[in-house]
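Report on the structure given below.
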Amino acid sequence: MIKSIIYWSNYGSTQRYAELLSKNMGIPASPLHNAGASDGEAFYLGCVMDGRIKGYGRAAGRFRIAAVCAVGLEEKRADTVFELRRNTGIVDSRIRIFYARGAFDKDKLSPVHRLMLRGAMESMEGSAKYAAILELMQKGCDFVSEENIRPAAEWIIWRDKIEVQK
């Protein structure tokens with residue numbers, strides 16, 4: 001059974017999703033750096049940075065991860081989960097991966113991330129491939145909602161029913 005929700009959030013979107021899941025499922029949520037030991041499986045949420053789920057390796061080293069929710073800006077594509085699994089190094093095919101779109105507010109960025117963003121945005125300009133993400137970064141966005149995390153919540157309910165039946 002899922003006994004804990006663990007997350008890594010840079011600017012709040014992932015934390016908001018973790019808190020929504022915690023409230024709706026009655027499972028405690030903790031940031032990875034404060035998370036204590038758990039006697040059951042954990043559901044991990046991490047922000048997507050450079051095509052990887054941030055903090056997953058550290059979480060997998062400390063907890064029995066049953067599922068992961070990656071929180072990013074881009075729309076989910078057919079290969080999103082495959083790419084995240086490969087890039088993050090999630091080799092256990094039993095670990096379920098979900099994807100939810102987060103939020104972006106460039107005013108919340110640290111000075112280092114602002115500088116990195118400026119360079120990234122300059123390299124994306126004029127590219128049709130990056131037009132949508134560039135527009136989100138320029139204008140800001142907030143996609144965090146219960147609807148976006150619902151598939152993960154439904155999976156947790158299903159998983160717990162299966163575990164009880166064993």
Inset, instruction - Identify the two heavy atoms, one from Leu32 and one from Gly55, that lie closest to each other, and give their separation to 0.1 Å. - result: CD2-O, 3.6 Å
Inset, instruction - Drop me the distance from Asn24's CG to Glu19's CD, to the nearest 0.5 angstrom. - result: 12.0 Å
Legend entry - Evaluation steps, salt bridge (charged side-chain N to carboxylate O under 4.0 Å, His left out), between Lys139 and Glu135: CA-CA 6 Å; Lys139 294 181 178 179; Glu135 184 177 351; 2.9 Å; yes
Inset, instruction - Looking only at non-hydrogen atoms, find the nearest pair between Ala29 and Ala18 and report the distance. - result: CB-O, 3.9 Å
Inset, instruction - Drop me the distance from Tyr17's OH to Phe98's CZ, to the nearest 0.5 angstrom. - result: 13.5 Å
Legend entry - Non-hydrogen side-chain atoms of Tyr99 and Val48 separated by less than 4.5 Å: yes
Inset, instruction - Can you measure from CZ (Arg52) to NZ (Lys54) and round to the nearest 0.5 angstrom? - result: 9.0 Å
Legend entry - Sub-4.5 Å side-chain heavy-atom contact between Ile157 and Met25: yes
Inset, instruction - Check Arg114 against Asp107 and note the closest heavy-atom contact, atom names and distance. - result: NH2-O, 3.2 Å
Legend entry - Inter-residue atom distance Thr14.OG1 - Trp8.CH2, 0.5 Å rounding: 11.0 Å
Legend entry - Set of side chain to side chain donor-acceptor pair (under 3.5 Å) partners for Asp105, sequence neighbours left out: none
Legend entry - Taking every non-hydrogen atom, the tightest pair across Phe63 and Gly36: CE2-O, 3.2 Å
Inset, instruction - Could you tell me whether Arg94 atom CZ has more than 12 heavy atoms of other residues or ligands within 6.0 Å of it? - result: no
Legend entry - Shortest non-hydrogen contact from Met137 toward Lys106: O-CD, 3.9 Å
Inset, instruction - Please indicate whether Arg58 has more than 12 foreign heavy atoms, meaning atoms of other residues, nucleotides or ligands, lying under 6.0 Å from its CZ. - result: no
Inset, instruction - Return yes when atom CD of Glu75 has more than 12 non-hydrogen atoms of other residues, nucleotides or ligands closer than 6.0 Å, and no otherwise. - result: no
Inset, instruction - Mark yes or no for whether Thr88, through its side chain, and Leu84, through its backbone, hold a donor-acceptor pair below 3.5 Å. - result: yes
Legend entry - Euclidean distance, Arg85 CZ relative to Ile97 CD1, rounded to 0.5 Å: 3.5 Å
Inset, instruction - Specify whether Tyr11 and His113 have parallel, tilted or perpendicular ring planes, treating 30° as the upper limit for parallel and 60° as the lower limit for perpendicular. - result: perpendicular
Inset, instruction - Report yes if some heavy atom in the side chain of Ile27 is under 4.5 Å from a heavy atom in the side chain of Lys3; otherwise report no. - result: no
Inset, instruction - Would you indicate whether the side-chain heavy atoms of Ile65 and Tyr56 approach each other to under 4.5 Å? - result: yes
Legend entry - Ionic contact status for Arg86 with Glu83, cut-off 4.0 Å: yes
Legend entry - Passing candidate, side chain to side chain contact (heavy atoms under 4.5 Å, CB included) with Leu45, options Leu21, Ile6, Val68, Ile53: Leu21
Legend entry - Side-chain heavy atoms of Ile149 within contact of Cys69, under 4.5 Å: yes
Inset, instruction - Taking the side chain as every heavy atom from C-beta outward, state whether Leu73 and Arg101 have any atom pair closer than 4.5 Å. - result: no
Inset, instruction - Could you check Leu109, Asp142, Ile133 and say which one makes a side chain to side chain contact (heavy atoms under 4.5 Å, CB included) with Phe104? - result: Leu109
Legend entry - Reported CD1-to-CD distance for the pair Ile95 and Glu41, which is rounded to 0.5 angstrom: 9.5 Å
